[in-house]
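Positions are given from 1, in the same order as the sequence printed here.
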Amino acid sequence: KALEGQITAWNKGDLETAMTFYWSSPEMLWISKGGTEKGYKEVYNMFLQDFKDRSKMGVYSYEPLHIEQVSKEAVYFVFRWKIELDGKRLMGGVSSQVWKKLDGRWVVTSEHAS
């Protein structure tokens, strides 16, 4: 349900709300082919840089590949994703996320996007 909220916000061009589904901590980890970023603020700034023009955020869609309930308050999720703009693929790949229930809400604590 939390992932759906994140995607809905993204597809509305609402980066601020989409980012609220990530753990607001200096320990939040983002891994991609470009390297790693550690910290919510750093990841948020990376997204702000990449998507300065919100109309270029495109439409995000995904296909679940693997979901593993690690504990009552942790889920490992692997999915294929893509972002399209005007019917053309902008980017896509496979991601894995660790979702944890912290302070009563589910957030991504780490993501590997490739």
Side-chain angles (χ1 to χ4, degrees):
K1 197 171 190 176
L3 178 60
E4 288 297 324
Q6 183 182 42
I7 290 170
T8 297
W10 181 276
N11 289 340
K12 289 180 180 177
D14 184 355
L15 182 59
E16 289 78 15
T17 299
M19 288 300 297
T20 65
F21 292 90
Y22 285 97
W23 186 28
S24 184
S25 166
E27 297 303 310
M28 205 284 278
L29 179 64
W30 177 270
I31 306 161
S32 68
K33 65 182 177 184
T36 62
E37 290 290 338
K38 191 158 188 182
Y40 174 87
K41 188 176 184 179
E42 290 76 7
V43 173
Y44 185 42
N45 287 337
M46 177 187 69
F47 276 107
L48 284 173
Q49 190 69 22
D50 291 347
F51 297 100
K52 288 179 193 173
D53 180 351
R54 300 301 166 81
S55 68
K56 304 290 186 210
M57 286 174 65
V59 176
Y60 189 104
S61 62
Y62 73 98
E63 171 193 351
L65 300 174
H66 176 78
I67 300 172
E68 181 179 340
Q69 185 87 36
V70 179
S71 73
K72 284 184 179 181
E73 299 185 343
V75 173
Y76 178 64
F77 184 48
V78 180
F79 57 97
R80 186 176 324 280
W81 63 276
K82 65 181 173 181
I83 297 175
E84 295 179 308
L85 184 61
D86 299 326
K88 295 179 185 175
R89 182 179 160 135
L90 288 179
M91 59 182 74
V94 175
S95 284
S96 61
Q97 297 176 326
V98 175
W99 286 81
K100 291 185 181 176
K101 192 171 187 180
L102 302 172
D103 299 322
R105 56 187 295 268
W106 287 94
V107 293
V108 177
T109 59
S110 66
E111 181 165 352
H112 180 204
S114 60

Q: Take Phe47 and Leu15 through the side chain to side chain contact (heavy atoms under 4.5 Å, CB included) test and state the conclusion after the steps.
A: CA-CA 8 Å; Phe47 276 107; Leu15 182 59; 4.0 Å; yes
One pair to check against side chain to side chain contact (heavy atoms under 4.5 Å, CB included): Trp10 and Ile83. What are the steps and the verdict?
CA-CA 10 Å; Trp10 181 276; Ile83 297 175; 3.8 Å; yes
**Report entry** Main-chain N/O of Val94 paired with Ser114 side-chain donor or acceptor, under 3.5 Å
**Finding:** yes
Rounding to 0.5 Å, atoms CD (Glu111) and OG (Ser95) come to a distance of 4.5 Å
Taking the basic N atoms (NZ, or NE/NH1/NH2) and the acidic carboxylate oxygens, is any pair closer than 4.0 Å for Glu73 and Lys100?
no
Q.
Could you check whether atom CG of Asp86 has more than 12 heavy atoms from other residues, nucleotides or ligands sitting under 6.0 Å from it?
A. no
NZ (Lys38) and CD (Glu27) are apart, to the nearest 0.5 Å, by 4.0 Å
For Ile31 and Leu29, what are the C-alpha separation, side-chain angles and deciding distance, and is it a side chain to side chain contact (heavy atoms under 4.5 Å, CB included)? CA-CA 7 Å; Ile31 306 161; Leu29 179 64; 3.8 Å; yes
**Message:** Do Gln6 and Tyr60 have side chains that approach each other closer than 4.5 Å (heavy atoms only, starting at C-beta)?
**Reply:** no
One should read off an interatomic distance between Glu4 CD and Tyr62 OH, to the nearest 0.5 angstrom, of 3.5 Å
Between Tyr22 and Trp99, is the gap from one ring center to the other below 6.0 Å? no
Report whether Ile67 and Leu65 are members of the same hydrophobic cluster (ILVMFWY, side-chain heavy atoms less than 4.5 Å apart, transitive linking). no
Does CZ belonging to Arg105 count more than 12 external heavy atoms closer than 6.0 Å? yes
Start with the C-alpha gap between Glu84 and Arg89, add the side-chain angles, then the distance that decides, and say whether salt bridge (Lys or Arg N to Asp or Glu O under 4.0 Å) holds.
-> CA-CA 4 Å; Glu84 295 179 308; Arg89 182 179 160 135; over 6 Å; no
Q: Might you work through the side chain to side chain contact (heavy atoms under 4.5 Å, CB included) test for Lys88 and Leu90, ending with a clear yes or no?
A: CA-CA 6 Å; Lys88 295 179 185 175; Leu90 288 179; over 6 Å; no
Heavy-atom closest pair (Ser96 atom, Val78 atom, distance to 0.1 Å) is CB-CG2, 4.0 Å
Treat each ILVMFWY residue as a node, draw an edge where side-chain heavy atoms are under 4.5 Å apart, and state whether Met28 and Val70 are in one component.
no
Suppose we call two aromatic rings close when their centres sit under 6.0 Å apart. Are Phe77 and Trp106 close by that rule? no
Rounded to the nearest 0.5 Å, the CZ atom of Phe51 sits from the CE atom of Met46 at a distance of 9.0 Å
Q) For Tyr76 and Gln97, does a side-chain donor sit closer than 3.5 Å to a side-chain acceptor? A) no
Side chain to side chain contact (heavy atoms under 4.5 Å, CB included) with Trp23: of Asp103, Val98, Leu102, only one passes, and it is Leu102
Exercise. Does Thr17 reach the main-chain N or O of Asp14 with its side chain, forming a donor-acceptor pair under 3.5 Å?
Worked result: no
Separation between OG1 (Thr20) and OH (Tyr40), nearest 0.5 Å, reads 7.0 Å
OG of Ser55 to CG of Leu85, rounded to nearest 0.5 Å, is 7.5 Å
Taken in chain and number order and not counting sequence neighbours, the residues that satisfy side chain to side chain donor-acceptor pair (under 3.5 Å) with Asp50 are none
